[in-house]
Novice: 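What follows is a structure written as structure tokens; I'll ask about it next.
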2 protein chains.
Amino acid sequence: MKENGPKDRILATASRLFYEQGYTQTGINQILEEAKVAKASLYQHYGSKDELGVAYLQYERERWFKLFQAYLDQKTTPLDKIVACFEYLEESQPQRNFKGCRFINLLTELSDSSPKMREQIVEHKSKLRAYFAQLTQHYKPIASQSLADSIYLLFEGAIIESKIYQHVWPIVIAKNAAKKMLE
Amino acid sequence: MKENGPKDRILATASRLFYEQGYTQTGINQILEEAKVAKASLYQHYGSKDELGVAYLQYERERWFKLFQAYLDQKTTPLDKIVACFEYLEESQPQRNFKGCRFINLLTELSDSSPKMREQIVEHKSKLRAYFAQLTQHYKPIASQSLADSIYLLFEGAIIESKIYQHVWPIVIAKNAAKKMLE
DNA sequence: CAAAATGTAGACAGATTTGTCTATGTTTGC
DNA sequence: GCAAACATAGACAAATCTGTCTACATTTTG
């Protein structure tokens, strides 16, 4: 993200704070201070905190898949790509202090409010699930949907549990379990 | 929980609301109104909202394992017991409107604050992990720790994903994946 | 019975929060 | 070069929130 105008500075700052501190724990005023932007500018570009949340999710969805695919593109074989999904977590989660998945974090924080944000999150995860199906299909064309979903579940479980234990072991376990499933 | 004195009514009401609405989204005053208890009573028995949160977690930890083990006790063979873990989710999650795991929900809400509550949650999950190790060991004495952990990860992933999709399919997928791992 | 403990009801302080509004300054495009 | 659009700074409203405190009622206990 190029930090040009106030609009981008707001999104970049909100994105960082929403992940580090949580959405509800982050106040509008803190975003304004750290982004060095006036309050009117925020409500000019994004109408409310909720809409800023939606913009945040849209931005991060795109960013997430870009980074993820870029990492996978380093690998050539389909099997290596699937394994690399977990290696991506092994690298990224410690860097992020095991804060887990921003999308799941937000979903949990919201409980029932904000259907727009919920929609973004469910769409994102649906897309990830489909991506695992595609990767698995590419490795083994006759593979079942349930095999891909099992790996997807291990992937998601690994993120959550590495957050709980503040450690990579769940990711390593999940990686090896996925490998075995694909044998 | 017997709903006798104010102390118990507070905990019972808080427990329900913390799960349904979330911890931060539930105000002290709402608990007092619904429990029909005066504010002074709450601060008499529990010193603060944070300590009420800790009491809530302690109470629910015990309750969770009791219900879980009672369900598993219906099964006789070790394999049936492991499969029943997932069947328990198939029954409980739809009943709870797919609100997911209260412990993980709270962990995510808290972000970094309240180390006491975090401790309760991590202890609870560690105990669950150990329980899966025990079940797996009982089924196959030479089984590795990583097999048990893999099933644990599927279990945890299933809870989260059934919350995202508001559906049981992740639980069914996880159950079948676990079965296959144990073959 | 009387005293101590416990519970009720709710006002209040103090700190937050989101969102609006006024007033002023700075770019930018025609 | 001037007007329109954009940005700043921050006061303010209105609605939270947790926690304290006063005043009174009820229950328990010696």
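Hydrogens, waters and symmetry mates play no part in the numbers below; they use all other heavy atoms, side chains included. Every chain is numbered from 1, with letters handed out A, B, ... down the list of sequences.
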Novice: Which nucleotide wins on minimum distance to the side chain of A:Pro6, given the candidates C:dG19, D:dA7, C:dT8?
Specialist: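 Looking only at side-chain atoms, A:Pro6 lies closest to D:dA7.
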Novice: Separation of A:Leu32 atom CG from D:dA7 atom P, in whole Å?
Specialist: 13 Å
Novice: Looking only at side-chain N and O atoms, does A:His45 come under 4.0 Å of OP1 or OP2 in D:dC6?
Specialist: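 No, no such contact exists.
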Novice: Which of these nucleotides, D:dC6, D:dT8, C:dA9, is closest to any side-chain atom of A:Gln44?
Specialist: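 Nearest nucleotide to the side chain: D:dC6.
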Novice: If you assign B:Ser41 and A:Tyr23 each to the DNA chain C nucleotide with the nearest heavy atom, which residue ends up on the more 5' nucleotide?
Specialist: B:Ser41
Novice: Once you apply a heavy-atom cut-off of 4.0 Å, does B:Thr26 come out as touching a base, just sugar-phosphate, or nothing?
Specialist: sugar-phosphate
Novice: Without decimals, in angstroms, what is the distance between B:Asp50 CG and D:dT18 C1'?
Specialist: 12 Å
Novice: Whole-Å distance between C:dT8 C1' and B:Glu33 CD?
Specialist: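 Result: 14 Å.
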Novice: Of the nucleotides C:dA9, D:dT20, C:dT18, which one has an atom closest to the side chain of A:Lys39?
Specialist: C:dT18
Novice: Taking atom P of C:dG19 as reference, at what distance in whole Å does atom CG of A:Leu52 sit?
Specialist: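 Checked: the CG to P distance equals 10 Å.
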Novice: Return the value, rounded to whole Å, for the distance between atom CD of A:Gln21 and atom P of C:dT16.
Specialist: 14 Å
Novice: Find the distance between CD1 (B:Ile171) and CD (B:Glu90) and round it off to the nearest 0.5 Å.
Specialist: 6.5 Å
Novice: For B:Leu128 and B:Phe68, work out which heavy atoms get closest and say how close.
Specialist: CD1-CE2, 4.2 Å
Novice: Output the rounded distance in Å from NZ (B:Lys49) to C1' (D:dT20).
Specialist: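 About 17 Å, once rounded to whole Å.
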Novice: Do A:Glu91 and A:Gln95 have side-chain N/O donor and acceptor atoms under 3.5 Å apart?
Specialist: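 Side-chain D/A pair, A:Glu91 to A:Gln95: absent.
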Novice: Output the rounded distance in Å from CZ (B:Arg9) to C1' (C:dT6).
Specialist: 12 Å
Novice: The side chain of A:Asn29 lies closest to which of these nucleotides: D:dG19, C:dT18, D:dC21?
Specialist: C:dT18
Novice: What is the distance, rounded to the nearest whole Å, between atom NZ of B:Lys7 and atom P of C:dT8?
Specialist: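 Roughly 15 Å, once rounded to whole Å.
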Novice: Is a side-chain donor-acceptor pair under 3.5 Å present for A:Tyr165 with B:Arg129?
Specialist: no
Novice: Could you please name the option among D:dT18, C:dT8, C:dT18 that lies closest to any side-chain atom of A:Ile28?
Specialist: C:dT18
Novice: For B:Glu60 and B:Tyr19, does a side-chain donor sit closer than 3.5 Å to a side-chain acceptor?
Specialist: no
Novice: Considering every strand and a 4.0 Å limit on heavy-atom distances, what is the contact class for A:Lys36: base, sugar-phosphate, or nothing?
Specialist: sugar-phosphate
